Amino acid sequence: KFDSAIIYHQKAIDLVPGWPAAHVNKIQSLILRNGKTAEARSLLDEAVKKTGDPVMETRILLSIYERDYNTALLEVTKSFPSDFNFGVSRLMYLARISYLTSRSEDAKAFSDSALAELGNNLKINPNSPELHGFTGMAYAYMGDREKAVEEGEKSIILATKNKMLESDMKVNLAIIYLIVNEPDKASSLLAYLLNSPSFLSREQLQLDPIWKQLLDKPEYRHVILKRL
């Protein structure tokens, strides 16, 4: 399925080479198919040249996948809220990098700032699945398990009419379960997503360091990666 997506996105690039989303979608599909960043890096450079867009979020994600956290942190600090679909993503990436580098107090501080911004955004758009998903993850970094799971579950309910978005929100909930130390629930949800139509692959899962602590344990690795 990812081969077809890559061909489709390349056709979009050929038709509108200056459209950043087409390049980003192709890069995401390559990551899902291959679980490697080398070709994605090459395409990222091409995207910047053709579109003039820094493609900052994809750049940050590739650095995280490569475990180059210093570069990822530098890229986030150089970024602007306008570089993301949701401005609060900037703070959430700072929290994520802090979590991945075992700086829990920094993760809490960035999440606290994110929650203040998210509260204002939700007053304007209270039914946004993405905003509730971000809120759930921010609460998870803050250590508030109840609010984190509540917001994560709410984001899924709000996304049910959009299966692609619903899949993304379920991945977010799995991250929330992981952060609040519920690995059984995280691994079960990931296994369900991998064995159902979703925008998640075994290759991408093994590339993303957020899942390392689960996949390093044989009992969870077996549950997550087994094919039904």
Side-chain angles (χ1 to χ4, degrees), residues 54-159 165-187 189-190 200 205 208-214:
V55 201
M56 188 58 73
E57 187 161 7
T58 301
R59 186 181 301 279
I60 293 164
L61 272 174
L62 291 181
S63 293
I64 290 173
Y65 290 158
E66 293 162 350
R67 276 68 165 172
D68 188 353
Y69 301 123
N70 288 333
T71 298
L73 182 60
L74 179 62
E75 287 165 342
V76 180
T77 54
K78 291 193 303 182
S79 70
F80 300 93
S82 58
D83 289 323
F84 306 91
N85 290 332
F86 292 86
V88 74
S89 293
R90 184 178 184 276
L91 288 167
M92 295 307 301
Y93 276 114
L94 289 169
R96 181 173 180 173
I97 294 167
S98 298
Y99 173 78
L100 289 169
T101 53
S102 302
R103 294 182 291 114
S104 58
E105 291 306 311
D106 286 345
K108 289 179 181 178
F110 290 126
S111 296
D112 190 45
S113 297
L115 285 170
E117 185 173 333
L118 285 162
N120 292 329
N121 292 341
L122 282 167
K123 289 177 183 177
I124 299 169
N125 192 358
N127 294 319
S128 166
E130 296 96 335
L131 293 177
H132 284 285
F134 285 135
T135 301
M137 281 193 283
Y139 276 125
Y141 291 127
M142 295 287 289
D144 192 330
R145 184 261 176 211
E146 184 176 349
K147 288 183 179 178
V149 173
E150 179 183 347
E151 288 292 328
E153 290 176 342
K154 187 171 185 177
S155 73
I156 294 170
I157 293 169
L158 290 169
L165 185 55
E166 183 183 15
S167 170
D168 289 343
M169 296 304 102
K170 286 179 178 178
V171 173
N172 286 349
L173 182 58
I175 294 173
I176 288 168
Y177 282 138
L178 180 67
I179 296 169
V180 301
N181 198 29
E182 294 194 23
D184 290 341
K185 290 184 177 180
S187 59
L189 184 51
L190 289 174
L200 184 67
L205 190 85
D208 192 337
I210 197 78
W211 307 116
K212 184 177 186 300
Q213 60 182 291
L214 275 180

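Note that the structure is a prediction, hence the values are computed from the model and not measured. If you read the sequence from its start, that first residue is 1, and numbering goes on from there.
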Would you mind writing out the side-chain donor-acceptor pairs for residues 109-118 within the sub-3.5 Å range, not counting sequence neighbours?
from : atom 1 : to   : atom 2 : distance (Å)
S111 : OG     : A107 : O      : 2.8
S113 : OG     : A109 : O      : 3.4
E117 : OE2    : V88  : N      : 3.4

More than 12 non-hydrogen atoms from neighbouring residues, nucleotides or ligands closer than 6.0 Å to CG on N85, yes or no?
no

Between R90 (side chain) and F84 (backbone), is there a donor-acceptor pair under 3.5 Å?
no

Polar side-chain atom of H132 near backbone of P126 as donor-acceptor pair, under 3.5 Å:
yes

Should the pair D208-R96 be classified as a salt bridge under the 4.0 Å nitrogen-to-oxygen rule?
yes

Holding to salt bridge (Lys or Arg N to Asp or Glu O under 4.0 Å), I want the full list of residues that pass it with K108, two or more places apart in sequence or in another chain.
E105

May I ask you to test the S98-L100 pair for a side-chain heavy-atom distance under 4.5 Å?
no

If every non-hydrogen atom of A159 is compared with every non-hydrogen atom of E166, which pair is closest and at what distance?
O-CB, 3.6 Å

Quick check for you: to the nearest 0.5 Å, what is the distance between E75 atom CD and T58 atom OG1?
11.0 Å

Under the salt bridge (Lys or Arg N to Asp or Glu O under 4.0 Å) definition, can you give me all pairs with a residue in residues 139-151, not counting sequence neighbours?
R145-E182

Atom pair CG/CZ of L94 and R103 - distance to nearest 0.5 Å
8.5 Å

G136 to I176 - nearest heavy-atom pair and separation
C-CD1, 3.6 Å

Measure the shortest side-chain to side-chain distance between Y65 and P209 over non-hydrogen atoms and say whether it is less than 4.5 angstrom.
yes

Distance only, no hydrogens: is a donor on one side chain within 3.5 Å (strictly under) of an acceptor on the other, for E57 and Y93?
yes

To the closest 0.5 Å, what do you measure between CG (N125) and CZ (F86)?
7.5 Å

Minimal non-hydrogen separation, L214 against A186, with atom names
CD1-CB, 3.9 Å

Over all heavy atoms of both residues, which pair between E130 and L165 is shortest? Give the atoms and the distance, please.
OE2-CD1, 3.6 Å

Shortest non-hydrogen pair, D83 vs S79, comes out as OD2-CA, 3.4 Å

Show the nearest heavy-atom pair for residues K78 and F80, with the distance to one decimal.
O-CE1, 3.8 Å

In this structure, CG of L205 is separated from CG of L200 (nearest 0.5 Å) by 5.5 Å

From L73 atom CG to I60 atom CD1, the distance as rounded to the nearest 0.5 Å
10.0 Å

When rounded to the nearest 0.5 Å, the distance separating CD1 of I156 from CG of L173 is 4.5 Å

Are S155 and F134 close enough, and set up right, to give a side-chain contact (heavy atoms from CB on, under 4.5 Å), and what steps lead you there?
CA-CA 9 Å; S155 73; F134 285 135; over 6 Å; no

